[in-house]
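Letters A, B, ... are given to chains in the order of the sequence lines, protein chains preceding strands, and every chain is numbered from 1.
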2 protein chains.
Amino acid sequence: MAKLTMKEIAKLAKVSQSTVSRVINGNEKVNEDAAKRVLKVIEDVGYIPNSAAQTLKRSQSKIIGVCVTETYNPYFVELVDVLESEARKLGYSILLHNSKHNPITEWESIQNFIARQADGVICIPTGEYNLQRMNKLGIPTVIITQNHQSLDSVGLDHMQAGKIAAEKFIHAGHTKFGFIGTALDDKFLGYKSVLYENGFDFDLNNFIRVEEASTNNYLIRQDIESYLKEKKEQLDFTCIFAGNDLVALEFLEMAQERKIRIPEDISLIGFDDTYLSKIMGISSIHQPIEDMVKTTLEVLLNRIENEVSTEKVNIKLDPVLIERTSSNYKKS
Amino acid sequence: MAKLTMKEIAKLAKVSQSTVSRVINGNEKVNEDAAKRVLKVIEDVGYIPNSAAQTLKRSQSKIIGVCVTETYNPYFVELVDVLESEARKLGYSILLHNSKHNPITEWESIQNFIARQADGVICIPTGEYNLQRMNKLGIPTVIITQNHQSLDSVGLDHMQAGKIAAEKFIHAGHTKFGFIGTALDDKFLGYKSVLYENGFDFDLNNFIRVEEASTNNYLIRQDIESYLKEKKEQLDFTCIFAGNDLVALEFLEMAQERKIRIPEDISLIGFDDTYLSKIMGISSIHQPIEDMVKTTLEVLLNRIENEVSTEKVNIKLDPVLIERTSSNYKKS
DNA sequence: CTGTTAGCGCATTCAA
DNA sequence: TTGAATGCGCTAACAG
């Protein structure tokens, strides 16, 4: 099946090539009879318009470039999944890239999106590295799952998530608090602030630091082990909030190996509410993926369609704690 | 940053547009001085060639369309991940679609790939539905993770996987065998055949049927529950091989709830060797993802570059059993 | 309502 | 070595 062009369809249907274009795009009036003929030929030969040509002509590709940082976390997988199906409903295809937390790769991806004339970009940034450049791109871009003032963004209120976790722990009667995650995380800030407001202290010795780059079980485990080694296996907290479910999971496994009971000895709350937490019975803070995706797409399409460069939009969605067994324990 | 074209680069560098094209593509000789100027301008203004135009002109898009059936199974996620990074190394971008096991969606995706002038297609088919049509597409296509004689394919030897599981169980002293998975699965055939060869019978009452469409924990669980109900909660086997890790996981959870000990009461082997099995300690049959992806890409690129329509290639890779605790038990 | 024409941005042939 | 000219497949303005 050699590739057919409109010209050939036109010849077969005995009309001009522009008429074929008209019936395909269906905006202008075409003689009913001619239209039928054209449609039949298209059907018969299985003609599909060349979108490279359309893109060139229309200066519009109907492509959205999506760049994520990893797919190890099931949360991102679901995000991409929803993104793809929602975008498809709106007539867009997804060009998917995975930066693997590498800013250089990220930038290459963005360049690729530009080269391919993507109408818009949705990005989970690797950090601040490329944000400025992205801003000057001249292509609508929205950040998802995070908030950055310099660009349109829709994320979760991470600060609020931390607060919710802290409140839960405080209400359950805990007095010694732990945190496990990356160094710079609004969740930690929110967590800590609620502790202070309630007269508690956060002891930095109870911060188990996980590297940004620790994106798989094994690496996270190493971070935990090295913490334990440093602390001579002594844990001085009765509850802990984890920056994401992967981290929560590894903490849980580590605890089980050491006969630390969850939640009796240590209560645990994770983040993302992926099925990892579901299968392991880990309480977790839920991110509304569908909402987030739909909102993101709305913001993006709005930028694509009305290029009025109004102020940046920064939307923060609300987190919800999903309670499971890992935090189901009240201190006397 | 308005979008720049070659023409404008040419003007800025005081050369003709074709010269700019020459220095970018670098095949033809260009005056060294002029080349330098062009490169500088490109660098300065951040020019990126419009690949829609290139695609149109070259009849080559450097896009590979990838259509998977789901991303719920982490195995597919990893597959896509590796696919993307390997394809990128080879200068290709991935257009990713998710058919969600719907043949209509699948066909739409393929059409989209054609419209976008994809140079090749890699597909995990939803079934036999679109295979014939795909074959007549005139665009190189290879099936991954499955084998179909009518198209190029690279998959695992599922039959062999079933055999390995059966052998393991037989050697461990089992005499009553179970299987959980979809109805038509070569793994089951392999499994059964080894049982027969060794003088055992497979009792179809021990086949827990999971629907093809049961692609998440909840649906799988329903299939299991309805089986248990039918059998009045009586399980007449001491070992079971699961068609994939998700299914194995649900079986495990169901068993735990019912105080059925794994592996003491029932030994379990899963399939795919995803991290689900790793975190749950489920023995599982490993699929060599990297091998599979690289081989697939090799086959595909070979088709793209030399359109010699030789015989179909059907490659079957070897499965390997990764033993964990869920099968670590010898019947006396 | 329809055909002719121009041109999107680029690679490439042909002259110079 | 280089510029001018052509055309990839399509949309859209224009003239009929």
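Neither OP1 nor OP2 of dG9(D) sits under 4.0 Å from any side-chain N or O of Tyr47(A). Asn25(A) has a side-chain polar atom (N or O) that falls below the 4.0 Å cut-off from OP1 or OP2 of dT11(D). OP1 or OP2 of dG3(D) has at least one side-chain nitrogen or oxygen of Thr19(B) nearer than 4.0 Å.
Looking at the side chain of Lys57(A), the nearest of the listed nucleotides dT1(D), dG9(D), dC1(C) is dG9(D). The side chain of Met6(B) approaches dC10(C) more closely than any other nucleotide in the set dT2(C), dG9(C), dC10(C). Taking only side-chain atoms of Ser16(B), from C-beta outward, the nucleotide of dG9(D), dG3(D), dT2(C) with the closest atom is dG3(D). Of all nucleotides listed (dG3(D), dC10(D), dT2(D)), dG3(D) comes nearest to the side chain of Val15(B). The side chain of Gln17(A) sits closest to dA12(D) out of dA12(D), dC8(D), dA5(D).
Of the options Glu84(A), Glu78(A), Glu86(A), a side-chain contact (heavy atoms from CB on, under 4.5 Å) to Val293(A) is made by Glu86(A) and by none of the others.
Here dT12(C) presents its P atom at 17 Å from NZ of Lys29(B), a figure rounded to the nearest Å. One atom, CD of Gln60(A), and another, C1' of dT11(D), lie 12 Å apart when rounded to the nearest Å. Put simply, CD on Glu28(A) is 14 Å from C1' on dT4(C), counting in whole angstrom units. Rounded to a whole Å, the CG atom of Asp33(B) is 14 Å from the C1' atom of dT2(D). Between Lys7(A) atom NZ and dC10(D) atom P the separation is 11 Å, expressed in whole Å. Counting to the nearest Å, the P atom of dT11(D) and the NZ atom of Lys62(A) are 13 Å from each other. Look at CG on Asn50(A): it is 16 Å from P on dC10(C), rounded to the nearest Å. Atom CD of Glu32(A) and atom C1' of dC1(C) are 13 Å apart (whole Å).
Between Arg303(B) and Asp152(B) there is a salt bridge, since a side-chain N of the basic residue sits under 4.0 Å from a carboxylate O of the acidic one.
Within the 4.0 angstrom heavy-atom criterion, base atoms lie near Ser21(B). Using a 4.0 Å heavy-atom cutoff across all strands shown, Ser18(A) reaches at least one base atom of the nucleic acid. Within 4.0 Å of Val20(B), counting heavy atoms only, lies no atom of the nucleic acid at all.
In this structure, Val80(A) and Thr71(A) have side chains that are not in contact, with every pair of non-hydrogen atoms separated by 4.5 Å or more.
Within 6.0 Å of CG on Leu90(B) lie more than 12 heavy atoms contributed by other residues, nucleotides or ligands.
Toward the 5' end of DNA chain C, the nearer of the two residues Pro49(B) and Arg22(B), judged by each one's closest nucleotide, is Pro49(B).
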side-chain contact (heavy atoms from CB on, under 4.5 Å) assessment of Ile144(A) paired with Leu79(A):
CA-CA 10 Å; Ile144(A) 191 167; Leu79(A) 193 80; 4.1 Å; yes
